[in-house]
Structures are given as structure tokens and as C-alpha cells.
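A quick write-up on the structure given underneath.
Just so we're clear, the structure is a prediction, and the values are computed from it rather than from any experiment.
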Amino acid sequence: MKREQQEVLSLLKEIDIICRKHKIDYYLSPQLTLCGVTGQPFPQNPLAGMVLMKIPEMERFRQVFEKEQPESRALESMLDNKRFPGFYLRYENVDTLCYRLDEGRNFRHPGMGVDILPLRGKILSRKSHLWNRALEVGWQQICDTYNDKPGFKKSLCKIPVRLMCLGGRARLGRSLYRKFCKKQGIDNTEEYILRLDKETAFYYPPEIFNRTSELTLEGEKFLVPGQKIWYLQKSYGADYEEMPAEEYTPDSAVMTSTMMGYEEFFQETGSLDKLIKTRRRQYVKDSLGRRRQRYYNWCWSYAKLCASKRNLDAFYEEKKDYIKNLYKNGDYMRLETVFRPYTRVTQRCLKEKEIYVSDEEILEIYLATLERTGNIELKAQVEQYWR
């Protein structure tokens, strides 16, 4: 194992020791559990260290850490860091370096660490859930994050959080953390929700976490859900055993070291604020190039779509009499097979807010086939542009 992997493994073991001593339940993340069950190597990504805890257990861990305060260790959260990027805890070794240029000042102690993610209870009231989610997304959006272009809805979430920040950002962070703990720390929940990042969420039945079991990972014993196979099936699907091993590519925007601490690093490179300002200027300078690259990528994708449409025109011109004969005889099973390429191209065209019309007569037969085979939703989308 590399030094970074050994450091993450040692931090996981420290969390395990604290939790066993104080009888706090935790569970390895789906990725680490998969490595232990299938025998895959320990992840090379220095950010792969993750454990899960139910919210009351996560709070107990935080309180235990504040009392014991292990040497050269830090525990960050929204409670004590006004720029912390989300609702979770990060257990860190302050004598190491793990600085992410794309996340600016989000971490007070940018050392190597393990993320302690909450298993959230499901909020029954939809309005309360939406408001709770809007506040969390809004908080994430006001943190220092580059190369992340939010959509319209996420941008709207920033408005109430910005207004609340008028009373003090640190005070708002503490308030939101307590609010999230109270709202989502539900004992008898219908399901647990795990948010790995801004886009990925898993939903688990509570029975999976009723008890814990042990799993050996790189010669060390850790806790996982008692129903670990069910846990992996809900995370990766029934064919979880066929999941390929991680192909890690080092990120040039992430600087890691187990040989020097972040304080020593910034003494050599200059202050953190200076580095962030340089990064921000470069980010703005590169924004035009990124927009052009996205436009060129879209142009190339659209050109390939037009080429596939021309190929299909020739195909369906040749098959037109055969299709009309199938339609006359009511053979919708074969028509569905013949129209599969038509459906694939139509779905791609709908993303560009247009439809594919090989021939008006063939399109009418295609719409009738969609109706008879039960694909009413796709038929309605096509008719929206055709009528």
C-alpha cells in the first residue's frame, strides 16, 4: 500500500477504536465494504476514506472527540467552521496535507482525513423536506467551490441562505447543523438516505442497519451492516460482485502528502489567501475556454446525431413496404423490434427539443406502435413537437 492508503487505513482504525470504546455504531462506506467482501484492493484515492453513522451516533462521536481531543487530530463540521461544505464530520490528521485547490477555504485543517457521513432519516412532511433540502443545497453553493456550475434551481437555493448570512455566517452554520440533526435524526424512520455527494444518493431499508457485523479489510477488523450483502445490492445492484476495481487517476487539483503538514506547506508556498486568490483569477481566465469547449463538444455530438439520422433515413426507406405490411397485419411485436433504432434516435433528438421524422407515413405508424405497446409517455413527447 502507498503511504496515503496506509494513512487513511490508520485513521479508519482510530475511528473504530473510539467507537468500540464508547459503544458507538458505525458502518464502512459501500466502496470500502465492497473491497472487503470481494477482495478488491484498498482504494488509492486519498479521499475514499468514509464511514457512515446514524445522526444520533454521529453526535455522540463528536461529543466524545471534544472531551478526549486526541493529539494531532481534528474534527471539523459546520459547528466550528463557517466555511465547512456540508452536513457531515471530517476526522483529520493535522500533520499531513490534503489540499484541494477547487475547494478553496472549505477546510480549516486541510490534512488527510476520513469523512463521517450521516444516515439521514426520511422527513415525512414534503414541504419540510423541500425546505430542509433547499437550505442544505444553498449552504453548499455559498462555499468555496470551483469548476462546479450550478443549475437554475440550485442557484435559487442560495437566496434564502445569503439572506440568513446577514446575521453571521458562523452563527448560521451552527444553526443549520442543529436543524439538520433535529429534522433528520429520526429513530423509527421508513428508510435511511445516504448522500455521498451533491448528485449521488442511496436509499436503504432500516432493517439493514439493525445490527452490525465485522469485516476484515487489509488485515484490520471494521464494522459493517449486519445485512452487508443486502447493503451492497442496494448500493451497486444485484451484480455487485462484478463491479470493477477502482481506476484512480490522480487529480492535479489535489495536493497530498504524509511527509509534511499543511502548515509547513503554506509556510513554503505563501499564505492560504494568496493561493486562493491566484486560483480564482486563473479560474475566471479559463472560464471562456471552458464555455468554448462545452460548445464544441455539443457541436460534435449534434453532428454525429445528424449523421445517424441520415443513415436511418436510408434504412427506413428500404424497409417502408415491409413496415406498412406489418402495420396492416397488426404485428406490433415485430414493429416494436424494427422501430428500436428509431426510438433511440428519437430520445436523443428530444434532448435537443426536436424530433426525428424519417417519413410522415412511417412516423404515424411509429406513433401507433408506441400507443399499442404502452409507451404512452414517449408518444406524448413526440406529439408535442409534431402536432
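Under a hydrophobic-cluster definition in which Ile, Leu, Val, Met, Phe, Trp and Tyr are linked whenever side-chain heavy atoms come within less than 4.5 Å, directly or via other members, Tyr322 and Ile362 are assigned to the same cluster. Hydrophobic clustering of Ile, Leu, Val, Met, Phe, Trp and Tyr side chains at less than 4.5 Å, counting indirect connections, unites Leu378 with Phe339. In the hydrophobic clustering of this structure, Met243 groups with Leu32; members are Ile, Leu, Val, Met, Phe, Trp, Tyr whose side-chain heavy atoms approach within less than 4.5 Å, directly or through other members. There is a path of hydrophobic side-chain contacts, each under 4.5 Å, that joins Tyr342 to Phe315. Residues Ile159 and Met164 do not share a hydrophobic cluster, defined by chaining ILVMFWY side chains whose heavy atoms lie under 4.5 Å apart.
When each of Phe209, Tyr203, Tyr27 is paired with Tyr192, the ring pair (Phe, Tyr, Trp, His ring centres under 6.0 Å) condition holds for Phe209 and for no other. Shown are Phe107, Tyr177, Trp139; of these, the ring pair (Phe, Tyr, Trp, His ring centres under 6.0 Å) with Phe84 is made only by Phe107. Just one residue in the list Glu218, Glu7, Gln44 forms a side-chain contact (heavy atoms from CB on, under 4.5 Å) with Met1, and that residue is Glu218. Applying the side-chain contact (heavy atoms from CB on, under 4.5 Å) test between Tyr231 and each of Leu28, Val37, Val224, Leu52 identifies Leu52 as the sole match.
Between Leu176 and Glu136, every side-chain heavy-atom pair lies at or beyond the 4.5 Å cut-off. Side-chain contact between Glu14 and Pro70 is absent, with no heavy atoms from C-beta onward closer than 4.5 Å. The closest side-chain heavy-atom distance from Lys309 to Leu305 is below 4.5 Å. Between Gln184 and Ile193, every side-chain heavy-atom pair lies at or beyond the 4.5 Å cut-off. The closest side-chain heavy-atom distance from Asn93 to Arg73 is below 4.5 Å. Thr33 is not listed as a side-chain neighbour of Tyr240, based on a closest heavy-atom distance of 4.5 Å or more. Considering only heavy atoms from C-beta on, Lys13 comes within 4.5 Å of Phe222 through its side chain. With contacts defined as side-chain heavy-atom distances shorter than 4.5 Å, the pair Met53/Cys19 qualifies.
The number of heavy atoms from other shown groups lying within 6.0 Å of CD (Gln69) is above 12. Counted within 6.0 Å of CZ on Arg20, heavy atoms from surrounding residues, nucleotides or ligands total more than 12; the atom is thus considered enclosed. Within a 6.0 Å radius of CD in Glu377, no more than 12 heavy atoms belonging to other residues, nucleotides or ligands are found. A 6.0 Å sphere centred on CZ of Arg133 holds more than 12 heavy atoms belonging to other residues, nucleotides or ligands.
Residues Ser213 and Gly226 come closest through the heavy atom pair OG-CA, 3.9 Å. The shortest non-hydrogen separation linking Leu135 to Val161 is O-CG2, 3.7 Å. Smallest separation of non-hydrogen atoms from Val254 and Thr256: CG1-CG2, 3.8 Å. Of all non-hydrogen atoms in Pro46 and Met112, the two that sit nearest each other are CB-CE, 3.8 Å. In this structure, Thr96 and Thr258 approach most closely via the heavy-atom pair CG2-CA, 4.0 Å. The minimum heavy-atom distance linking Arg334 with Asp331 is given by the pair CD-OD2, 3.1 Å.
Atom OG1 in Thr212 sits 11.0 Å away from atom NZ in Lys228 (nearest 0.5 Å). Atom-to-atom distance recorded for Asn106:CG and Gln140:CD is 10.5 Å, nearest 0.5 angstrom. Going from atom NZ of Lys183 over to atom CD1 of Ile55 covers 12.5 Å, rounded to the nearest 0.5 Å. With values rounded to the nearest 0.5 angstrom, Met50 atom CE is found 12.0 Å from Ile116 atom CD1. Within the model, atoms CG of Leu217 and CG of Asp16 stand 11.0 Å from one another, a figure rounded to the nearest 0.5 Å. The OG1 atom of Thr249 lies 10.0 Å from the CG atom of Asn45; values are rounded to the nearest 0.5 Å.
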Derivation of the side chain to side chain contact (heavy atoms under 4.5 Å, CB included) call for Val51 and Tyr91: CA-CA 10 Å; Val51 299; Tyr91 184 81; over 6 Å; no
**Message:** Go through it in stages, so that I can follow the logic: the residues are Glu68 and His22, the test is side chain to side chain contact (heavy atoms under 4.5 Å, CB included), and I'd like the CA-CA distance, side-chain angles, deciding distance and then a yes or no.
**Reply:** CA-CA 12 Å; Glu68 297 186 355; His22 297 277; 2.6 Å; yes
Take Phe87 and Met58, measure what side chain to side chain contact (heavy atoms under 4.5 Å, CB included) needs, and give me the verdict at the end. CA-CA 11 Å; Phe87 176 49; Met58 188 177 78; 4.0 Å; yes
Verdict with supporting geometry, Tyr88 and Phe180, side chain to side chain contact (heavy atoms under 4.5 Å, CB included) = CA-CA 10 Å; Tyr88 64 97; Phe180 296 154; over 6 Å; no
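Within the 3.5 Å criterion, the main-chain N or O of Asn325 finds a donor-acceptor partner in the side chain of Asn329. With Gln5 contributing its side chain and Lys2 its backbone, the two residues share a donor-acceptor pair below 3.5 Å. With hydrogens and angles disregarded, no donor-acceptor distance shorter than 3.5 Å links the side chain of Glu220 to the backbone of Leu9. In this structure, Thr38 contributes its side chain and Glu241 its backbone to no donor-acceptor pair below 3.5 Å. In terms of modelled atom types and a separation under 3.5 Å, the side chain of Glu371 and the main chain of Lys379 share no donor-acceptor contact. At least one donor-acceptor pair closer than 3.5 Å links the side chain of Tyr236 to the backbone N or O of Gln31. Side-chain atoms of Asp115 do not come within 3.5 Å of backbone N or O of Leu117 as any donor-acceptor pair. In this structure a side-chain-to-backbone donor-acceptor pair under 3.5 Å is present from Arg60 to Lys23.
The closest side-chain donor-acceptor pair between Tyr204 and Ser235 falls under 3.5 angstrom. Side-chain N/O atoms of Tyr327 and Thr369 include no donor and acceptor closer than 3.5 Å.
Comment: Glu352 does not engage Arg348 in a salt bridge, judged by the lack of any side-chain N to carboxylate O separation of less than 4.0 angstrom. Salt-bridge annotation for Asp313 and Arg310: absent, with no side-chain N of the basic residue lying under 4.0 Å from a carboxylate O of the acidic one. Ionic pairing of Glu92 and Arg90 is present here: one or more N-O contacts between side-chain nitrogen and carboxylate oxygen are shorter than 4.0 angstrom. A salt bridge between Glu317 and Lys320 is absent, with no side-chain N of the basic residue lying under 4.0 Å from a carboxylate O of the acidic one. Comment: Glu207 does not engage Lys234 in a salt bridge, judged by the lack of any side-chain N to carboxylate O separation of less than 4.0 angstrom.
Between Phe65 and Phe61, the angle of the ring planes stays under 30°, which puts this pair in the parallel group of the 30/60° scheme.
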